[in-house]
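Atoms within each ligand, like the ligands themselves, are counted from 1 in listed order. Below, all heavy atoms of this structure are taken into account, side chains as well, without hydrogens, waters or symmetry copies.
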Amino acid sequence: MTPIILDMDPGIDDAVALSIALTNPELDIKLLTSVAGNVSVDKTTTNLLKLTTFFNQTQVPVARGAAAPLKKAFVDASYIHGASGMPGYEFPTITTQALTTDAVSAMAKVLSEAPEPMTIVATGSYTNIALLIQNHPEVISQIKEFVLMGGSLSGGNVSSVAEFNLFTDPDAADVVFKSGVPIVMIGLDVTLKALLSLETIDAVADLGEAGNMLHKLMTAYGDSEPGGKPMHDVNTICYLLLPEFYTTKDYWVDVITDGPASGATIADTQNRWSNGKINAKVAVDIDAQAFEKWFLAQIPTMNHYCEGAF
Ligand code: RIB
Ligand code: CA
(Lines give C-alpha, C1' and ligand atoms only; values in the text may rest on other atoms or scores of the structure.)
(Ligands and ions follow the chains in the order given, each with its own letter.)
Protein backbone atom coordinates (compact mmCIF):
# COMPACT_ATOMS: atom_id res chain seq x y z
CA MET A 1 0.00 0.00 0.00
CA THR A 2 1.18 3.52 -0.81
CA PRO A 3 0.71 5.99 2.07
CA ILE A 4 -0.44 9.38 0.79
CA ILE A 5 -1.72 12.76 1.93
CA LEU A 6 -4.48 14.17 -0.28
CA ASP A 7 -4.97 17.97 -0.34
CA MET A 8 -8.16 18.86 -2.21
CA ASP A 9 -10.81 21.46 -2.99
CA PRO A 10 -13.94 19.34 -3.71
CA GLY A 11 -15.28 20.31 -6.24
CA ILE A 12 -16.70 17.64 -8.49
CA ASP A 13 -13.58 16.23 -10.13
CA ASP A 14 -11.87 16.19 -6.73
CA ALA A 15 -14.85 14.22 -5.44
CA VAL A 16 -14.53 11.70 -8.26
CA ALA A 17 -10.80 11.37 -7.59
CA LEU A 18 -11.37 10.91 -3.85
CA SER A 19 -14.08 8.31 -4.47
CA ILE A 20 -11.49 6.21 -6.29
CA ALA A 21 -8.70 6.84 -3.76
CA LEU A 22 -10.88 6.03 -0.73
CA THR A 23 -11.92 2.68 -2.22
CA ASN A 24 -8.64 1.49 -3.75
CA PRO A 25 -6.78 -1.02 -1.53
CA GLU A 26 -3.42 0.02 -3.04
CA LEU A 27 -3.70 3.49 -1.49
CA ASP A 28 -3.44 4.26 2.23
CA ILE A 29 -4.75 7.79 2.79
CA LYS A 30 -3.10 8.99 6.01
CA LEU A 31 -4.69 12.46 5.91
CA LEU A 32 -7.19 14.46 3.89
CA THR A 33 -6.81 18.24 3.91
CA SER A 34 -9.14 20.88 2.49
CA VAL A 35 -8.27 24.16 0.82
CA ALA A 36 -10.29 27.07 -0.57
CA GLY A 37 -10.55 26.75 -4.33
CA ASN A 38 -13.56 25.53 -6.24
CA VAL A 39 -15.66 26.68 -3.29
CA SER A 40 -14.90 28.05 0.19
CA VAL A 41 -12.80 26.02 2.62
CA ASP A 42 -15.86 25.53 4.86
CA LYS A 43 -17.58 23.82 1.92
CA THR A 44 -14.54 21.85 0.74
CA THR A 45 -14.06 20.58 4.30
CA THR A 46 -17.72 19.57 4.55
CA ASN A 47 -17.46 17.85 1.17
CA LEU A 48 -14.47 15.76 2.29
CA LEU A 49 -16.49 14.67 5.35
CA LYS A 50 -19.50 13.86 3.15
CA LEU A 51 -17.35 11.51 1.08
CA THR A 52 -15.59 9.76 3.98
CA THR A 53 -19.06 9.21 5.46
CA PHE A 54 -20.54 8.00 2.16
CA PHE A 55 -17.78 5.39 1.73
CA ASN A 56 -17.68 4.38 5.44
CA GLN A 57 -14.09 5.65 5.64
CA THR A 58 -14.48 8.08 8.56
CA GLN A 59 -11.29 6.67 10.09
CA VAL A 60 -9.44 8.80 7.53
CA PRO A 61 -8.73 12.11 9.31
CA VAL A 62 -9.79 15.38 7.68
CA ALA A 63 -8.12 18.69 8.53
CA ARG A 64 -9.30 22.15 7.48
CA GLY A 65 -6.83 24.20 5.48
CA ALA A 66 -6.32 27.67 4.07
CA ALA A 67 -9.32 29.93 3.53
CA ALA A 68 -7.52 32.19 1.07
CA PRO A 69 -4.43 32.32 -1.15
CA LEU A 70 -1.09 33.55 0.25
CA LYS A 71 -1.46 37.02 -1.29
CA LYS A 72 -4.21 37.14 -3.91
CA ALA A 73 -7.88 37.63 -3.08
CA PHE A 74 -9.87 34.38 -3.10
CA VAL A 75 -12.12 33.81 -6.11
CA ASP A 76 -14.00 30.49 -6.31
CA ALA A 77 -15.14 28.35 -9.23
CA SER A 78 -18.72 27.80 -8.09
CA TYR A 79 -19.78 28.64 -11.64
CA ILE A 80 -18.31 25.24 -12.58
CA HIS A 81 -18.85 23.20 -9.40
CA GLY A 82 -22.10 24.67 -8.08
CA ALA A 83 -22.68 26.60 -4.85
CA SER A 84 -22.04 23.59 -2.61
CA GLY A 85 -19.16 22.20 -4.65
CA MET A 86 -20.89 18.81 -4.89
CA PRO A 87 -24.40 19.48 -6.24
CA GLY A 88 -27.03 17.07 -7.47
CA TYR A 89 -26.89 14.32 -4.84
CA GLU A 90 -28.35 14.15 -1.30
CA PHE A 91 -25.47 12.75 0.78
CA PRO A 92 -26.14 10.88 4.04
CA THR A 93 -25.75 12.89 7.24
CA ILE A 94 -22.09 13.37 8.11
CA THR A 95 -21.10 11.09 10.99
CA THR A 96 -17.69 12.57 11.76
CA GLN A 97 -15.89 15.89 12.27
CA ALA A 98 -12.73 17.53 11.03
CA LEU A 99 -9.68 17.53 13.32
CA THR A 100 -9.23 20.55 15.58
CA THR A 101 -5.70 20.72 14.18
CA ASP A 102 -5.29 22.85 11.06
CA ALA A 103 -4.27 21.18 7.80
CA VAL A 104 -0.66 22.36 7.75
CA SER A 105 0.02 21.28 11.34
CA ALA A 106 -1.67 17.95 10.64
CA MET A 107 0.43 17.43 7.52
CA ALA A 108 3.63 18.21 9.46
CA LYS A 109 2.67 15.72 12.20
CA VAL A 110 1.85 12.92 9.76
CA LEU A 111 5.09 13.50 7.85
CA SER A 112 7.25 13.68 11.00
CA GLU A 113 5.80 10.34 12.20
CA ALA A 114 6.04 8.59 8.81
CA PRO A 115 8.56 5.71 8.65
CA GLU A 116 9.35 6.64 5.01
CA PRO A 117 9.05 9.83 2.93
CA MET A 118 5.45 10.21 1.68
CA THR A 119 3.70 11.35 -1.48
CA ILE A 120 1.48 14.42 -1.21
CA VAL A 121 -1.20 14.76 -3.89
CA ALA A 122 -2.65 18.25 -4.37
CA THR A 123 -5.71 18.83 -6.54
CA GLY A 124 -6.62 22.35 -5.45
CA SER A 125 -4.55 25.50 -5.09
CA TYR A 126 -1.18 24.84 -3.42
CA THR A 127 -1.67 27.20 -0.49
CA ASN A 128 -1.50 24.47 2.18
CA ILE A 129 1.60 22.80 0.78
CA ALA A 130 3.34 26.16 0.32
CA LEU A 131 2.64 26.99 3.98
CA LEU A 132 3.95 23.54 4.94
CA ILE A 133 7.22 24.28 3.11
CA GLN A 134 7.51 27.77 4.62
CA ASN A 135 6.55 26.90 8.21
CA HIS A 136 7.85 23.34 8.59
CA PRO A 137 11.21 23.06 6.78
CA GLU A 138 12.06 20.20 9.16
CA VAL A 139 9.64 17.85 7.37
CA ILE A 140 10.54 18.66 3.75
CA SER A 141 12.90 15.68 3.63
CA GLN A 142 9.89 13.53 4.57
CA ILE A 143 8.07 14.47 1.35
CA LYS A 144 8.89 11.90 -1.35
CA GLU A 145 7.18 13.91 -4.12
CA PHE A 146 4.29 16.22 -4.93
CA VAL A 147 1.82 14.85 -7.47
CA LEU A 148 0.04 18.01 -8.56
CA MET A 149 -3.03 18.58 -10.69
CA GLY A 150 -2.32 21.95 -12.20
CA GLY A 151 -0.46 24.04 -14.69
CA SER A 152 -0.26 23.77 -18.45
CA LEU A 153 2.30 24.08 -21.22
CA SER A 154 -0.47 24.37 -23.80
CA GLY A 155 -2.78 27.15 -22.68
CA GLY A 156 -4.97 27.87 -19.69
CA ASN A 157 -8.58 27.33 -18.64
CA VAL A 158 -9.01 30.47 -16.52
CA SER A 159 -6.95 32.80 -18.73
CA SER A 160 -5.31 32.15 -22.07
CA VAL A 161 -2.23 30.86 -20.19
CA ALA A 162 -3.20 30.00 -16.59
CA GLU A 163 -4.83 26.87 -15.17
CA PHE A 164 -7.26 27.38 -12.25
CA ASN A 165 -5.25 25.87 -9.37
CA LEU A 166 -2.21 28.03 -10.13
CA PHE A 167 -4.26 31.08 -11.13
CA THR A 168 -5.96 30.90 -7.72
CA ASP A 169 -2.69 31.06 -5.80
CA PRO A 170 0.34 31.69 -8.07
CA ASP A 171 2.52 32.70 -5.11
CA ALA A 172 1.95 29.34 -3.43
CA ALA A 173 2.70 27.54 -6.67
CA ASP A 174 5.95 29.52 -7.00
CA VAL A 175 7.01 28.37 -3.51
CA VAL A 176 6.21 24.75 -4.39
CA PHE A 177 8.03 24.71 -7.74
CA LYS A 178 11.11 26.28 -6.09
CA SER A 179 11.00 23.97 -3.03
CA GLY A 180 13.33 21.30 -4.37
CA VAL A 181 10.72 18.61 -3.66
CA PRO A 182 10.33 16.34 -6.73
CA ILE A 183 7.16 17.28 -8.64
CA VAL A 184 4.94 15.37 -11.03
CA MET A 185 2.92 18.01 -12.86
CA ILE A 186 -0.39 16.64 -14.15
CA GLY A 187 -1.63 19.61 -16.10
CA LEU A 188 -4.17 20.48 -18.74
CA ASP A 189 -1.79 19.03 -21.34
CA VAL A 190 -3.13 15.60 -20.38
CA THR A 191 -6.31 16.27 -18.39
CA LEU A 192 -8.01 17.88 -21.40
CA LYS A 193 -7.23 14.75 -23.41
CA ALA A 194 -8.67 12.36 -20.80
CA LEU A 195 -12.32 13.28 -21.28
CA LEU A 196 -15.20 11.10 -20.08
CA SER A 197 -17.75 10.91 -22.87
CA LEU A 198 -21.36 11.76 -22.04
CA GLU A 199 -22.19 8.12 -22.85
CA THR A 200 -19.68 6.96 -20.22
CA ILE A 201 -21.06 9.43 -17.67
CA ASP A 202 -24.59 8.18 -18.37
CA ALA A 203 -23.47 4.54 -18.11
CA VAL A 204 -22.16 5.22 -14.59
CA ALA A 205 -25.73 5.86 -13.36
CA ASP A 206 -26.52 2.14 -13.47
CA LEU A 207 -23.45 1.06 -11.49
CA GLY A 208 -24.85 0.86 -7.96
CA GLU A 209 -25.26 3.69 -5.42
CA ALA A 210 -21.70 4.87 -5.93
CA GLY A 211 -22.36 5.10 -9.64
CA ASN A 212 -25.64 6.90 -9.01
CA MET A 213 -23.87 9.46 -6.80
CA LEU A 214 -21.02 10.02 -9.27
CA HIS A 215 -23.46 10.29 -12.18
CA LYS A 216 -25.43 13.02 -10.40
CA LEU A 217 -22.24 14.96 -9.60
CA MET A 218 -20.71 14.58 -13.05
CA THR A 219 -23.96 15.59 -14.72
CA ALA A 220 -23.97 18.80 -12.65
CA TYR A 221 -20.28 19.45 -13.44
CA GLY A 222 -19.95 22.56 -15.57
CA ASP A 223 -16.52 21.84 -17.09
CA SER A 224 -17.26 20.49 -20.54
CA GLU A 225 -15.35 20.10 -23.79
CA PRO A 226 -16.40 18.89 -27.24
CA GLY A 227 -16.34 15.11 -26.73
CA GLY A 228 -16.89 14.97 -23.00
CA LYS A 229 -15.96 16.24 -19.53
CA PRO A 230 -12.38 16.49 -18.16
CA MET A 231 -11.99 14.82 -14.75
CA HIS A 232 -8.78 16.73 -14.11
CA ASP A 233 -8.07 15.55 -10.56
CA VAL A 234 -8.79 11.88 -11.28
CA ASN A 235 -5.57 11.87 -13.31
CA THR A 236 -3.43 12.31 -10.17
CA ILE A 237 -4.85 9.09 -8.72
CA CYS A 238 -4.60 7.28 -12.06
CA TYR A 239 -0.96 8.37 -12.33
CA LEU A 240 -0.18 7.04 -8.84
CA LEU A 241 -1.70 3.66 -9.71
CA LEU A 242 -0.81 3.40 -13.43
CA PRO A 243 1.99 5.82 -14.34
CA GLU A 244 2.51 3.91 -17.59
CA PHE A 245 -0.67 5.56 -18.94
CA TYR A 246 1.24 8.86 -19.00
CA THR A 247 4.13 10.20 -21.08
CA THR A 248 6.27 12.61 -19.07
CA LYS A 249 9.16 14.96 -19.83
CA ASP A 250 11.61 16.42 -17.31
CA TYR A 251 11.75 20.22 -17.33
CA TRP A 252 12.56 23.23 -15.22
CA VAL A 253 9.19 24.91 -14.76
CA ASP A 254 8.68 28.47 -13.55
CA VAL A 255 5.44 30.01 -12.30
CA ILE A 256 4.47 33.52 -13.34
CA THR A 257 3.17 35.31 -10.22
CA ASP A 258 1.97 38.68 -11.48
CA GLY A 259 0.72 40.60 -14.47
CA PRO A 260 -1.55 39.35 -17.25
CA ALA A 261 0.15 35.93 -17.31
CA SER A 262 -0.22 35.39 -13.55
CA GLY A 263 -0.59 31.69 -12.78
CA ALA A 264 1.04 30.52 -16.00
CA THR A 265 3.61 27.71 -15.94
CA ILE A 266 6.51 28.07 -18.37
CA ALA A 267 8.91 25.19 -19.05
CA ASP A 268 12.49 25.85 -20.14
CA THR A 269 12.17 23.41 -23.05
CA GLN A 270 15.15 24.96 -24.86
CA ASN A 271 17.37 25.11 -21.73
CA ARG A 272 17.60 28.89 -22.09
CA TRP A 273 17.76 29.88 -18.41
CA SER A 274 17.74 26.80 -16.17
CA ASN A 275 21.29 25.54 -16.94
CA GLY A 276 19.97 21.99 -17.19
CA LYS A 277 18.26 22.05 -13.79
CA ILE A 278 15.03 20.06 -13.51
CA ASN A 279 12.23 20.59 -10.96
CA ALA A 280 9.30 18.72 -12.52
CA LYS A 281 8.29 15.62 -14.40
CA VAL A 282 5.60 17.09 -16.68
CA ALA A 283 2.86 14.84 -18.09
CA VAL A 284 2.63 15.64 -21.80
CA ASP A 285 0.48 12.79 -23.11
CA ILE A 286 -1.95 10.10 -21.92
CA ASP A 287 -3.55 6.90 -23.16
CA ALA A 288 -7.05 8.40 -23.03
CA GLN A 289 -8.87 5.18 -23.96
CA ALA A 290 -7.07 3.25 -21.23
CA PHE A 291 -7.94 6.04 -18.74
CA GLU A 292 -11.67 5.92 -19.54
CA LYS A 293 -11.75 2.09 -19.36
CA TRP A 294 -9.84 2.16 -16.06
CA PHE A 295 -12.23 4.78 -14.64
CA LEU A 296 -15.32 2.67 -15.33
CA ALA A 297 -13.65 -0.39 -13.79
CA GLN A 298 -13.19 1.44 -10.43
CA ILE A 299 -16.89 1.89 -9.73
CA PRO A 300 -18.05 -1.67 -8.87
CA THR A 301 -15.46 -1.82 -6.06
CA MET A 302 -16.76 1.47 -4.64
CA ASN A 303 -20.14 -0.11 -4.00
CA HIS A 304 -18.63 -2.60 -1.54
CA TYR A 305 -17.56 0.38 0.59
CA CYS A 306 -20.74 2.47 0.59
CA GLU A 307 -23.11 -0.34 1.60
CA GLY A 308 -24.99 0.52 4.77
CA ALA A 309 -24.23 4.22 4.56
CA PHE A 310 -27.89 4.86 3.75
O1 RIB B 1 -8.14 23.43 -13.63
C2 RIB B 1 -8.75 22.30 -13.07
C3 RIB B 1 -8.54 22.26 -11.59
O4 RIB B 1 -9.17 23.37 -10.97
C5 RIB B 1 -9.17 21.02 -10.94
O6 RIB B 1 -8.43 20.66 -9.81
C7 RIB B 1 -10.52 21.50 -10.53
O8 RIB B 1 -11.06 20.77 -9.43
C9 RIB B 1 -10.21 22.91 -10.09
O10 RIB B 1 -9.72 22.85 -8.77
CA1 CA C 1 -9.55 20.46 -7.66
Between ligand 1 and the protein, tabulate every N or O atom pair separated by less than 3.5 Å, reporting distance only.
from     : atom 1 : to     : atom 2 : distance (Å)
ligand 1 : 1 (O)  : Asn157 : ND2    : 2.8
ligand 1 : 1 (O)  : Glu163 : OE2    : 2.5
ligand 1 : 4 (O)  : Asn165 : OD1    : 3.2
ligand 1 : 6 (O)  : Thr123 : O      : 2.8
ligand 1 : 6 (O)  : Asn165 : ND2    : 3.1
ligand 1 : 6 (O)  : Asp233 : OD1    : 2.6
ligand 1 : 6 (O)  : Asp233 : OD2    : 3.1
ligand 1 : 8 (O)  : Asp13  : OD1    : 2.6
ligand 1 : 8 (O)  : Asp13  : OD2    : 3.2
ligand 1 : 8 (O)  : Asp14  : OD1    : 2.9
ligand 1 : 8 (O)  : Asn38  : ND2    : 3.0
ligand 1 : 8 (O)  : Asp233 : OD2    : 3.1
ligand 1 : 10 (O) : Asp9   : OD1    : 3.4
ligand 1 : 10 (O) : Asp9   : OD2    : 3.1
ligand 1 : 10 (O) : Asn38  : OD1    : 3.2
ligand 1 : 10 (O) : Asn38  : ND2    : 3.3
ligand 1 : 10 (O) : Asn165 : OD1    : 2.9

| task | Flag the pair Asp285 and Lys193 as a salt bridge only when some basic side-chain nitrogen lies within less than 4.0 angstrom of an acidic carboxylate oxygen. | result | yes
| field | ILVMFWY clustering at 4.5 Å (side-chain atoms), partners of Ile278 | value | none
| message | Is the shortest side-chain heavy-atom distance between Asp223 and Asp13 below 4.5 Å? | response | no
| query | the Ca ion (ligand 2): which protein N, O or S atoms are under 3.0 Å away? | reply | Asp9 OD1, Asp14 OD1, Asp14 OD2, Thr123 O, Asp233 OD2
| message | Running the 4.5 Å side-chain criterion over Ile, Leu, Val, Met, Phe, Trp and Tyr, what cluster does Leu192 land in, apart from itself? | response | Met149, Leu188
| message | Regarding Asp42 and Arg64, does a basic nitrogen lie under 4.0 Å from an acidic carboxylate oxygen? | response | yes
| Among Ile4, Asp7, Leu99, Leu111, side-chain contact (heavy atoms from CB on, under 4.5 Å) partner for Leu31 | Leu99
| Any ion pair linking Lys229 and Glu225 (charged N to carboxylate O, less than 4.0 Å)? | no
| query | Between the side chain of Asn235 and the main-chain N/O of Thr191, is any donor-acceptor distance below 3.5 Å? | reply | no
| request: Examine Lys281 relative to Tyr239 and say whether NZ or CZ is less than 6.0 Å from the centre of the six-membered ring and inside a 45° cone about the ring axis. | output: no
